[in-house]
Amino acid sequence: MKLFYLFLLLVSSLVGYGQFNYQAVNTANAAGSYIDLGSSGTAITTNFGGGAMTFDDDVSSIQNIGFSFVYNGTSFTQFVLSTNGFIRLGTTAPDNATYDVSTSAELNVIAPFNFDLDAGTSPEYRVFTSGVAGSRVSTIQFEGIKDYSSTTGQFSNMNFQIKLYETSNNIEFIYGTFTPTAAAPAFFTPAVGVMGSTPAISVFSTKTSATAWSAATFINGAYTGNYFNVRNNVLPDAGRTLRFVAAALPANDAKVEYVYTLGELPFFNGYPHVISAMVKNAGSATLTNLLVTLNISGSNTFTNTQNVTSLAPGVSTLVSFAAFTASVTGTNNITVSVPADNVNTNNSKSAVQTTSGGSPVFSYADNSAMASSIGYATGSGIILTKYNMAGTGIVNSVRVFISDDVDNAGNTVYAVLMNSAGTIIAQSTNTILTAGDLSTYKTFNLIAPQSITNADFYVGLAQTANTMNDYYP
């Protein structure tokens, strides 16, 4: 039997982003017409939790677009609306207090007027799909909304819409009547634009508060100066339209998004090891008989190819390769690739793996720099990582990288070992984190190490009811 050291880390390979099909050069600021939906379509009256939709820091239930809309290299058919002036494509609810998407972690955001907003006069949210298949339009309307302030609020009533266009995948923001309050003119800073996977992958509109809406311009990436600044003595002309024209995607573009593998693999108890990869069709045409190849070089060599028979545009699929068994300890260079196509810069992803012998380790960590962390807000919980033991081994300790967030210091944590049924079978003593634990790996020795034989198991870091912290899980 071997004593195992577990790294509670889930870093597999560098993250790749989907192709963002909007650029500042493909935008327009134009006069237009604002046509209120009236009673057309469906009023959005239910929030994400199933209760009544409110107008202050709330998010809607999942809504249907009415067709497939391609955005950020993915086909979406649904969205969730935030009362703070934006929608998030897909079925995941945004944070209900996102007042600035341009500095947030929100994904696939379309924001016609993102700020801290509330109910004005006769507030309502509504969605309506019109037209015939192939050229339909989905209109999402924010009606009777105001900026949130009891004393300096600039508008007592605002009306605006998002229009999503089928096939072209164009987006329009159309602004209706904005009713000024009696407060002295004072600027506030909505975020207005479209965002993909990060604020850097975005197109935002910008202007000073004294600039006419018709003179607003567009930038690629997050705001570095003025937002879409507004004030109550500079109003939009009814029908003012900001247009985001989608760039045509290449026909054939297979993309390797992620490689899933252990970064450190115990020589005797980690085999056979199955490596997998997430592959996406980032192009506009269906891919058929796509060959995906795993190649391992270095201390050990191995090659395997899998065939994806069909992959629709915007769709991702998990490809699992034949099981791999190393013959020597050392360093393995892992590459997953697809054949050359219209975009060759995203055709492969690589990872580095170590096969350990004397002091065997299971670890998802590789040699990449730490890019982000997750943890707990308030309260208690356990963050877990799953491994599989081939043969018999004894789990002795869990090693965790503690992020440099100062809120971590003073919190009480402990490591746990769970069996495949999710029962805790061993744990460490409680430890109060100190400033010296930050930005380092910390080892938690289990009080009673346990033997695992030919089974899945979990290791994790638990927190008692403390304040806030971030760990690399």
Side-chain angles (χ1 to χ4, degrees), residues 27 29-30 32 34 36-37 44 55-60 79-89 94-104 106 108-127 139-149 152-164 171-181 186-195 199 202-209 211-219 222-223 226-232 234-244:
T27 57
N29 182 344
Y34 184 91
D36 191 278
L37 291 181
I44 300 172
F55 300 95
D56 180 26
D57 295 344
D58 205 356
V59 292
S60 75
F79 69 91
V80 178
L81 178 144
S82 166
T83 61
N84 290 318
F86 69 94
I87 64 170
R88 176 170 174 163
L89 297 173
D95 188 319
N96 61 4
T98 299
Y99 304 139
D100 183 2
V101 295
S102 73
T103 60
S104 75
E106 303 289 0
N108 302 316
V109 163
I110 297 175
F113 204 81
N114 168 227
F115 198 70
D116 187 5
L117 304 179
D118 200 358
T121 305
S122 301
E124 183 187 64
Y125 310 110
R126 184 171 287 270
V127 59
T139 303
I140 300 108
Q141 180 169 282
F142 295 72
E143 183 175 58
I145 307 302
K146 68 177 183 180
D147 54 302
Y148 184 90
S149 176
T152 61
Q154 296 290 289
F155 302 105
S156 60
N157 227 43
M158 300 183 290
N159 303 299
F160 51 91
Q161 298 172 338
I162 301 169
K163 287 187 179 290
L164 308 179
I171 301 168
E172 288 182 340
F173 300 159
I174 304 178
Y175 301 91
T177 301
F178 276 49
T179 304
T181 65
F187 79 90
F188 67 98
T189 57
V192 173
V194 296
M195 190 171 80
S202 60
V203 180
F204 285 105
S205 184
T206 179
K207 74 180 194 69
T208 70
S209 64
T211 299
W213 288 52
S214 59
T217 58
F218 299 87
I219 58 171
Y223 288 110
N226 291 315
Y227 279 58
F228 194 92
N229 298 354
V230 297
R231 59 171 65 193
N232 64 8
V234 180
L235 304 178
D237 50 311
R240 175 53 48 186
T241 300
L242 302 181
R243 183 173 297 117
F244 302 81

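- Taking the six-membered ring wherever Trp is involved, the centroid distance between the rings of Tyr125 and Phe55 falls below 6.0 Å.
- Considering every non-hydrogen atom in both Ala119 and Lys146, the closest pair reads O-CE, 3.2 Å.
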Could you pull out every donor-acceptor pair under 3.5 Å between side chains of residues 80-89 and any protein atom, sequence neighbours left out?
| from | atom 1 | to | atom 2 | distance (Å) |
| --- | --- | --- | --- | --- |
| Ser82 | OG | Asn84 | N | 3.1 |
| Thr83 | OG1 | Asp57 | N | 3.1 |
| Thr83 | OG1 | Asp58 | N | 3.1 |
| Thr83 | OG1 | Asp58 | O | 3.3 |
| Asn84 | OD1 | Leu117 | N | 3.0 |
| Asn84 | ND2 | Asp57 | OD1 | 3.2 |
| Asn84 | ND2 | Asn96 | O | 3.4 |
| Arg88 | NH1 | Glu106 | OE1 | 2.8 |

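- Looking only at distances, no side-chain donor or acceptor of Glu124 sits under 3.5 Å from a matching main-chain atom of Gly144.
- The shortest non-hydrogen separation linking Pro190 to Tyr223 is O-OH, 4.2 Å.
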Legend entry - Worked verdict on Glu143 versus Ser122 for side-chain contact (heavy atoms from CB on, under 4.5 Å): CA-CA 8 Å; Glu143 183 175 58; Ser122 301; over 6 Å; no

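- Judged purely by atom type and a 3.5 angstrom limit, Asn114 uses its side chain to pair as donor or acceptor with the backbone of Val101.
- No side-chain donor-acceptor contact under 3.5 Å links Thr206 to the backbone of Phe228.
- Not one N or O on the side chain of Asn229 forms a donor-acceptor pair closer than 3.5 Å with the backbone of Phe187.
- Taking the centre of each ring, Phe173 and Phe244 come in below the 6.0 Å mark.
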Inset, instruction - Mind running side-chain contact (heavy atoms from CB on, under 4.5 Å) on Tyr175 and Val192 for me, showing each step along the way? - result: CA-CA 12 Å; Tyr175 301 91; Val192 173; 3.5 Å; yes

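- Rounding to the nearest 0.5 angstrom, the gap separating the CD1 atom in Ile44 from the CZ atom in Phe142 is 7.5 Å.
- Considering OG1 of Thr211 and CG of Asn226, their distance stands at 7.5 Å, rounded to 0.5 Å.
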Inset, instruction - I would like to know whether Leu164 and Ile171 meet side-chain contact (heavy atoms from CB on, under 4.5 Å); could you show each step before the answer? - result: CA-CA 5 Å; Leu164 308 179; Ile171 301 168; 4.0 Å; yes

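- Between Phe204 and Phe218, the ring centre distance reaches or exceeds 6.0 Å.
- Atom OH of Tyr34 sits in a crowded spot, with more than 12 heavy atoms from other residues, nucleotides or ligands closer than 6.0 Å.
- Going from atom OG1 of Thr27 over to atom CD of Glu172 covers 12.0 Å, rounded to the nearest 0.5 Å.
- Taken from OG1 in Thr179 to CE in Met158, the straight-line distance is 10.0 Å, to the nearest 0.5 Å.
- Closest non-hydrogen pair, Asn232 versus Pro180, comes out as O-CB, 3.4 Å.
- Closest approach of Ser102 to Ala222, counting heavy atoms only: O-CB, 4.0 Å.
- Taking OH of Tyr227 as the reference point, atom NZ of Lys207 lies at 15.5 Å (rounded to 0.5 Å).
- The minimum heavy-atom distance linking Ala30 with Arg243 is given by the pair CB-NH1, 4.3 Å.
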Legend entry - side-chain contact (heavy atoms from CB on, under 4.5 Å) assessment of Val230 paired with Trp213: CA-CA 9 Å; Val230 297; Trp213 288 52; 3.6 Å; yes

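- Separating the CG atom in Asn157 from the OG1 atom in Thr181 is a distance of 11.5 Å, to the nearest 0.5 Å.
- Exactly one of Phe155, Tyr99, Phe178 qualifies for a ring-ring contact (aromatic ring centres under 6.0 Å, His included) with Phe113. That residue is Phe178.
- The two residues Thr139 and Lys163 come nearest to each other via the heavy atoms OG1-NZ, 2.9 Å.
- Using a 4.5 Å cut-off on side-chain heavy atoms (C-beta onward), Gln161 and Pro112 make no contact.
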